[in-house]
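For clarity, every value in this text was computed on a predicted model and none was experimentally measured. Every heavy atom of this structure was used, including side-chain atoms; hydrogens, water molecules and symmetry mates were not. Naming convention: chains lettered A, B, ... in sequence-line order (proteins, then strands); numbering from 1 in each chain.
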Number of protein chains: 4
Amino acid sequence: MKEKRTARRQEYKDRQRQEIMDEALELFSARGYHQVSMQDIAQSAEFAVGTLYKFFKNKEELYRAIILDLSEKFGSALGQALGQGVDEYERLISYLKIGGEIFMANTQAVSLYFVETRGARFNLRAGLDEEVLSRYDQILERLSKVFAAGIKNGIFRSLDPDYLARSLDSLASTFLFAWLDDPQKYPYEKSLRMMDEIFFHNILVADYVKS
Amino acid sequence: MKEKRTARRQEYKDRQRQEIMDEALELFSARGYHQVSMQDIAQSAEFAVGTLYKFFKNKEELYRAIILDLSEKFGSALGQALGQGVDEYERLISYLKIGGEIFMANTQAVSLYFVETRGARFNLRAGLDEEVLSRYDQILERLSKVFAAGIKNGIFRSLDPDYLARSLDSLASTFLFAWLDDPQKYPYEKSLRMMDEIFFHNILVADYVKS
Amino acid sequence: MKEKRTARRQEYKDRQRQEIMDEALELFSARGYHQVSMQDIAQSAEFAVGTLYKFFKNKEELYRAIILDLSEKFGSALGQALGQGVDEYERLISYLKIGGEIFMANTQAVSLYFVETRGARFNLRAGLDEEVLSRYDQILERLSKVFAAGIKNGIFRSLDPDYLARSLDSLASTFLFAWLDDPQKYPYEKSLRMMDEIFFHNILVADYVKS
Amino acid sequence: MKEKRTARRQEYKDRQRQEIMDEALELFSARGYHQVSMQDIAQSAEFAVGTLYKFFKNKEELYRAIILDLSEKFGSALGQALGQGVDEYERLISYLKIGGEIFMANTQAVSLYFVETRGARFNLRAGLDEEVLSRYDQILERLSKVFAAGIKNGIFRSLDPDYLARSLDSLASTFLFAWLDDPQKYPYEKSLRMMDEIFFHNILVADYVKS
DNA sequence: TATGAATGAGAATTCATTCAT
DNA sequence: TATGAATGAATTCTCATTCAT
């Protein structure tokens, strides 16, 4: 019984923690890390500043938690996506589709995430992102393995899988940002078709038959 | 004679201005805009703080000047690169080669610049970068035109040139950042070869003969 | 009960606000606006600098609040004074007496206030004082009306009431400043007598009988 | 001959000094002491900043020099005015007329001067003005003596001459500032007439015959 | 002698963090 | 346990003053 109460309390705390992170994410992605004060976050989340510090050691930690959370969510979703499909090509297509959906459904979160995974690699708050970066590298790793498998299974041309992984990911995010800039001009369905033409058309072996 | 003196003084001032910008660039790209104080810059550049304000109205202006300077340098170098070569394929190769050289010779500068052209598009200091972004868009525009010309001249397959431009640029910078992370593993010559395999192999018409 | 707490807290805040203003008034009137830093005020009031900014948006606002406060206090006291007495002469005497008392009890405050109402009219921080000046003009207006009434009632000679108002006010403050300079030499009782001789002796109609 | 050259040089320097002071006066009275930088003055006067420091030890000194200069000019003009007229009444009228003329011809200068002689007595840059104040006191002293003489000569009622002096001066400046505020409403000729009515009508003995 | 570039102390203001209630 | 008032270090920017040319 005591346990149950503790569990309920824990759950309650988790919800509070999440609320803070959600509110902070909104503010950070709208205005940037330095343009958002702890007061701002406290106000938005309807907590006292002091309470924020009960959940997060400091501002940096809160930021890190958000980014980590995002990278986990995105990472696992993309990981799962890579498991779906009868062959490697379909898995990659699933990756592109689900990745696109996540991206387009979480544009604000995603912008923060991308600032960290791309830009941050060499700039802002270096060190904060070790973990985030490694998670991103894991995704690339998994992508890479799919390409390797595809090559082994004879449906992809024999090219360095790591390069293939980076290429595909790079194209996808480029087109998604283009969509972010101008959704009319760069609808993601078209981007998917273009990736087929530009990338897969060349990577798939000649006699591959799309299902 | 008076003129000569004024000219010499101007030159001296320009050199000072450049020194400040160089030092600031180093600091900004190492630690990020907000983590660098004007005191820091002054100290590094061996000037008094007040002197910085003789050259730049405020910190933002100094930052902007640096970014603008970079975008001009890179923009014009890449623009020129695109003019070199007997056909469109060669022009793009020239673009990739010269772009790579600039990137690798100015890694710190390039990181700042890329944070602006990529990351900044959806977040930090929006407005500051209008000019930088438009310059980046110009480059894409020019790339795009080269593809269009190549298609017209029958050496490229008929695909949307805008997508082709974004794809190529995306691949190039992805591989360059990979090089930045691990130069041993991702030497740029290999990246160039990979782009040939992954991208051009598919884009060039079958009977194109490389010179 | 919640209300009571809020009320008490509000009261506490008001007291703090007043403390800051009192301390700042002391410093401003002793050394002048620009010679007093926010640090100085914080130190004197035994608060942290940040706390000052909880109560006043910035230094200017703090200054303005002080001046406005003074002008309200003085204005209403003088206004009330003008309501006391059976006829217009007595009202003016009440004005002079109460005005003198306020002045002598708040010399430091008064000096700041006068710098604003006199000096400020043509120079410093124009615009800040709109409100203060209009309040001063209101007092002159009311004085003027008392003179007009006295003329109508036949106890004052028929002279321009506006000039009379300005004259009386001018004499009173001149003598009060003389007192400030040398209280021994210019006791205010003597000044009151002198104003009777120099001013009222001439303004009152011949057959007026002082009560 | 050497002397002549020295004299000429001295004259030249004096002229430069005066130019600086003129320009500074303009700026100070337009914007106030703290809102004018030495750079501003140097630019307006078309000298280098360093040159200003050849003539004045520091900013404060320059300001002091200007005020002193004004107080000398005004003081001597008023002093002279007090010497003109066949009797004491006429001398005072001359004082009022010439004082008014100076005031109205030098409004910008006069505002600075008045801030110093009136307000400054208890506020801004106390200590700076010792000399200015003593000069102002001298004028009051001389005015006072004129009243004393008038009393002795039987043309003024026997009242404390010091109070009379302060009263007259107070009325005059009050009306002049009223004119500054609204020249249409408070033309100085009317003010002179009012001073006759309000002040002299009462001070002059009954059988005094105006010439 | 005049210049004006360079200096750096000093001021206003912000905001992450603490801690008494 | 949650609060939010209070703190004060840190930051940006200005401007009086100096001094090498």
Side-chain angles (χ1 to χ4, degrees), chain A residues 9 12-13 16 33-43 46-63, chain B residues 5 8-9 12-13 16 20 33-43 45-63, chain C residues 5 8-9 12-13 16 20 33-43 45-63, chain D residues 9 12-13 16 33-43 46-63:
Chain A
R9 184 164 297 168
Y12 177 62
K13 286 192 87 173
Q16 286 191 320
Y33 183 79
H34 277 93
Q35 278 64 50
V36 174
S37 73
M38 290 299 267
Q39 313 282 348
D40 292 339
I41 297 168
Q43 191 148 58
E46 298 187 300
F47 285 99
V49 235
T51 309
L52 265 53
Y53 283 85
K54 291 278 186 287
F55 289 95
F56 305 94
K57 217 184 91 216
N58 53 38
K59 191 182 174 184
E60 188 96 6
E61 209 62 47
L62 165 56
Y63 185 76
Chain B
R5 179 140 56 110
R8 216 179 300 128
R9 182 163 301 170
Y12 177 63
K13 283 188 91 175
Q16 280 190 127
I20 294 171
Y33 183 79
H34 284 286
Q35 277 66 47
V36 174
S37 75
M38 290 301 265
Q39 289 285 356
D40 293 340
I41 298 169
Q43 197 144 53
E46 299 186 298
F47 285 102
V49 225
T51 307
L52 302 192
Y53 285 88
K54 287 273 187 295
F55 290 93
F56 305 94
K57 219 183 89 223
N58 53 38
K59 190 182 173 185
E60 185 95 9
E61 211 62 48
L62 166 55
Y63 185 74
Chain C
R5 180 141 56 111
R8 216 179 300 128
R9 182 163 299 168
Y12 177 62
K13 282 189 91 171
Q16 280 190 129
I20 294 171
Y33 183 79
H34 284 286
Q35 277 66 45
V36 175
S37 75
M38 290 300 264
Q39 288 286 355
D40 293 339
I41 297 169
Q43 197 144 53
E46 299 187 297
F47 285 102
V49 229
T51 308
L52 302 192
Y53 285 87
K54 287 272 186 297
F55 290 93
F56 304 95
K57 220 183 88 222
N58 53 39
K59 190 182 174 186
E60 185 95 7
E61 211 61 47
L62 166 56
Y63 184 75
Chain D
R9 183 166 297 172
Y12 177 63
K13 287 191 87 174
Q16 285 191 320
Y33 183 79
H34 277 93
Q35 279 64 52
V36 174
S37 74
M38 291 298 268
Q39 314 281 351
D40 292 339
I41 298 168
Q43 191 148 56
E46 298 186 300
F47 284 99
V49 235
T51 310
L52 265 52
Y53 283 85
K54 289 280 186 286
F55 288 95
F56 304 94
K57 215 183 92 217
N58 53 36
K59 192 182 174 184
E60 187 96 7
E61 210 62 46
L62 166 55
Y63 185 76

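Within 6.0 Å of the CD atom in A:Gln43, the count of heavy atoms belonging to other residues, nucleotides or ligands does not exceed 12.
Comparing B:Asp40 and B:Lys57 by the nucleotide of DNA chain F whose heavy atom lies nearest to each, the residue mapping closer to the 5' end is B:Asp40.
Minimum interatomic distance between D:Met38 and D:Leu52 (heavy atoms only, all atoms of both residues): O-CD2, 3.6 Å. The minimum heavy-atom distance between D:Lys59 and D:His34, with the atom names listed, is NZ-CA, 4.2 Å. What you find for B:Phe55 and B:Gln16 is that their closest heavy atoms are CZ-NE2, 3.3 Å. Listed here is the closest heavy atom pair of A:Tyr53 and A:Asn58: CE2-CA, 3.8 Å. For the pair B:Ala48 and B:Ala42, the tightest heavy-atom approach, listed with the atom from each and the gap, is C-CB, 4.0 Å.
Summarising the geometry, the separation between NE2 on A:His34 and P on F:dA10 is reported as 14 Å, rounded to the nearest angstrom. The CG atom of C:Leu62 sits 16 Å away from the P atom of E:dA11 (whole-angstrom rounding). In this entry the distance linking OH of B:Tyr53 with P of E:dG10 reads 18 Å, nearest Å. If you measure from atom CD of A:Glu61 to atom C1' of E:dA16, you get 14 Å, rounded to the nearest angstrom. One interatomic measurement links the two molecules: CD of B:Gln35 to P of F:dA9, which rounds to 21 Å at whole-angstrom precision. Distance NZ (C:Lys59) to P (E:dA11): 8 Å, rounded to an integer number of Å. With rounding to whole Å, C:Asn58 atom CG is found 17 Å from E:dA11 atom P. Residue D:Glu60 contributes atom CD, which lies 9 Å from atom P of F:dT17 at whole-angstrom precision.
DNA chain E contains the following stems of three or more consecutive Watson-Crick or G-U pairs, with both distances under 3.5 Å: E:2-21 with F:2-21.
Residues meeting the side-chain contact (heavy atoms from CB on, under 4.5 Å) test with C:Gln39, sequence neighbours left out: C:Ser37, C:Val49.
With E:dA16, E:dT13, F:dC13 as the choices, the nucleotide that has an atom nearest any side-chain atom of C:Met38 turns out to be E:dT13.
Ring geometry for B:Tyr63 versus B:Tyr33: interplanar angle over 60°, hence perpendicular rather than tilted (30 to 60°).
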Show me the protein contacts with nucleotides 1-5 of chain E, counting only N or O atoms at under 3.5 Å.
unit_1	atom_1	unit_2	atom_2	d
E:dT3	OP2	D:Thr51	OG1	2.3
E:dG4	N7	D:Gly50	N	3.1

Verdict with reasoning, B:Phe47 to B:Lys54, per side-chain contact (heavy atoms from CB on, under 4.5 Å): CA-CA 11 Å; B:Phe47 285 102; B:Lys54 287 273 187 295; over 6 Å; no
